[in-house]
There are 2 protein chains.
Amino acid sequence: MPARTTSAESADMPVPQRLLAVATRLFAERGYDRTSVQEIVEAAGVTKGALYHYFGSKDDLLHEVYARMLRLQQQRLDAVADSDAPVEERLRTAAADVVVTTIENLDDAMIFFRSMHQLSPEKYKQVRAERRRYHERFRALVEEGQRSGVFSSATPADLVVDYHFGSVHHLSTWYRADGPLTPQQVADHLADLLLRALRP
Amino acid sequence: MPARTTSAESADMPVPQRLLAVATRLFAERGYDRTSVQEIVEAAGVTKGALYHYFGSKDDLLHEVYARMLRLQQQRLDAVADSDAPVEERLRTAAADVVVTTIENLDDAMIFFRSMHQLSPEKYKQVRAERRRYHERFRALVEEGQRSGVFSSATPADLVVDYHFGSVHHLSTWYRADGPLTPQQVADHLADLLLRALRP
DNA sequence: CCCGACATACCGACTGGTTAGTCTGCCCCT
DNA sequence: AGGGGCAGACTAACCAGTCGGTATGTCGGG
């Protein structure tokens, strides 16, 4: 048993998942470019043969991380946006939710915002498109509130959304699990800042 | 005259500056790891000998970009924070100013937030330390306003600052020079959002 | 006024090491 | 007995950094 691996990425997990879990961690720690395929397979306790048996390329591994993250967040946003609570509450919930899920998957988020441009051009395009869909759904909430007068229209909805997601990206830079605030507390604060900025 | 280069990075600029300008552009376009020293020297119209005559390593080139950016922004923040305008106005000016200078040096900013972790450990530490100094100066403004009651204390100053700088980081992802808003307009909007979020 | 000594600026071939991805084949399960 | 799951050696392409060499310039002394 060489080079200790973290908790659940050990021997009992099926090889494909194990590879993905290890790759996620290493990409987050060292970055995509600086992580060699050799390092990944060693940490997963297999060889290159296994990796290329399940994945077409190193790039595929990265893409999987994105697909997983995008699926999760889009799903959760849709659920919130489709509810029939007042728009104020829907936005607050959505804004806080994306913060919590980002913190809970901080490795994925780190990779997302730091290594996105290292995807192959076509996969990059695809990820951008899905990202935009998410973004637009969120913006629709802001616009709805602005039209109905619940939110101030002083700032274009686009900018408001970019403002908020900027802080979400930024989370992986400063949030520490051993810090004083729980994910939920951070989320509540950030959602609160957004809603306060939007007060008429 | 091979491979057209952009405007001012051409033959009349002294070699060291030219190398730095070209490297900045390429790092922003393709990322640090994916830009080879060979590509840099070719685009600058010199050879490796020249590059290693002026710079100790590829890493040095990256560090220069950071040093330039940090110097500029710290200088501007200090000037604003030291003025004797009301804290509300000082914060608004500082918040808008960092947005404008970030947009005006979008390549540098892109590199900053995407390639920082590719610096050698000691240079990385140094950059982080200077960055923290900047951050703290900014936070002091928020805290001052909170103590004097001009700003709401609902959110810890730390979080407020991270919220705002998140959006600044994010700028290089979405801001386009050919978009509808001028840098100053974006800056005013973002500063406004910050100040509005801080209303008591 | 010229000559040699030394320096600065740069060239470009080379090296040692690393990398993603391939291929052949073994092993085990069905 | 046949195929999925994997091992591990191999290859071809790079890459950062080095090094000996050259061209141009500068300066002091005879």
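Quick note: numbers below take in every heavy atom, side chains included, and nothing from hydrogens, waters or symmetry partners. A note on names: the letters A, B, ... follow the listed sequences, proteins ahead of strands, and every chain is numbered from 1.
The nucleotide whose nearest atom lies closest to any side-chain atom of B:S36 is, among C:dC11, D:dA16, D:dG8, D:dA16.
Under the ring-ring contact (aromatic ring centres under 6.0 Å, His included) criterion, A:F113 pairs with A:H169, not counting sequence neighbours. For A:K58, there are no salt bridge (Lys or Arg N to Asp or Glu O under 4.0 Å) partners at least two apart in sequence or on another chain. Applying the ring-ring contact (aromatic ring centres under 6.0 Å, His included) criterion to A:F165, with sequence neighbours excluded, gives A:Y134, A:F138.
Rounded to an integer number of Å, the gap from CG of B:L61 to P of D:dG17 is 10 Å. Separating the CD atom of B:E42 from the C1' atom of D:dC14 is a distance of 13 Å, rounded to the nearest angstrom. One can place CZ of A:F55 at 13 Å from P of D:dG5, the figure rounded to the nearest angstrom. For the pair A:R34 CZ and D:dA16 P, the interatomic distance rounds to 11 Å; values are reported in whole Å. At whole-Å resolution of the value, CG in B:D33 and C1' in D:dC15 are 11 Å apart. As a whole-Å value, the separation of A:L19 CG from D:dG5 P is 13 Å. The interatomic distance linking B:Y54 (OH) with D:dG17 (C1') rounds to 18 Å, in whole Å. Straight-line distance from the CG atom of B:L62 to the P atom of D:dG17: 12 Å, rounded to whole Å.
B:Y175 and A:V160 fall within a single hydrophobic cluster, where Ile, Leu, Val, Met, Phe, Trp and Tyr are joined by side-chain heavy atoms under 4.5 Å apart, directly or via other members.
Screening residues 41-72 of chain B for ring pair (Phe, Tyr, Trp, His ring centres under 6.0 Å), with sequence neighbours left out, gives B:Y66-B:F112. Pairs engaging residues 73-98 of chain A under the ring pair (Phe, Tyr, Trp, His ring centres under 6.0 Å) rule: none recorded [sequence neighbours left out]. Applying the ring pair (Phe, Tyr, Trp, His ring centres under 6.0 Å) test to pairs two or more places apart or on separate chains, those with a residue in residues 15-38 of chain B are B:F27-B:Y32.
For the pair B:H53 and C:dC10, the criterion of a side-chain N or O lying under 4.0 Å from OP1 or OP2 is not met.
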Heavy-atom contacts, protein to nucleotides 21-30 of chain C, under 4.0 Å, summarised as B (base), S (sugar-phosphate only) or - (none) per nt, yield BB--------
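Residues of residues 118-126 of chain B that place a heavy atom closer than 4.0 Å to DNA chain D do not occur.
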Extract all donor-acceptor atom pairs below 3.5 Å that involve side chains of residues 151-159 of chain A and protein atoms in other chains or at least two apart in sequence.
| unit_1 | atom_1 | unit_2 | atom_2 | d |
| --- | --- | --- | --- | --- |
| A:S152 | OG | A:A154 | N | 2.9 |
| A:S152 | OG | B:R196 | NH2 | 3.0 |
| A:D158 | OD1 | A:R139 | NH1 | 3.2 |

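In the model, B:E42 has a side-chain atom that pairs as donor or acceptor with a side-chain atom of B:Q38 under 3.5 Å.
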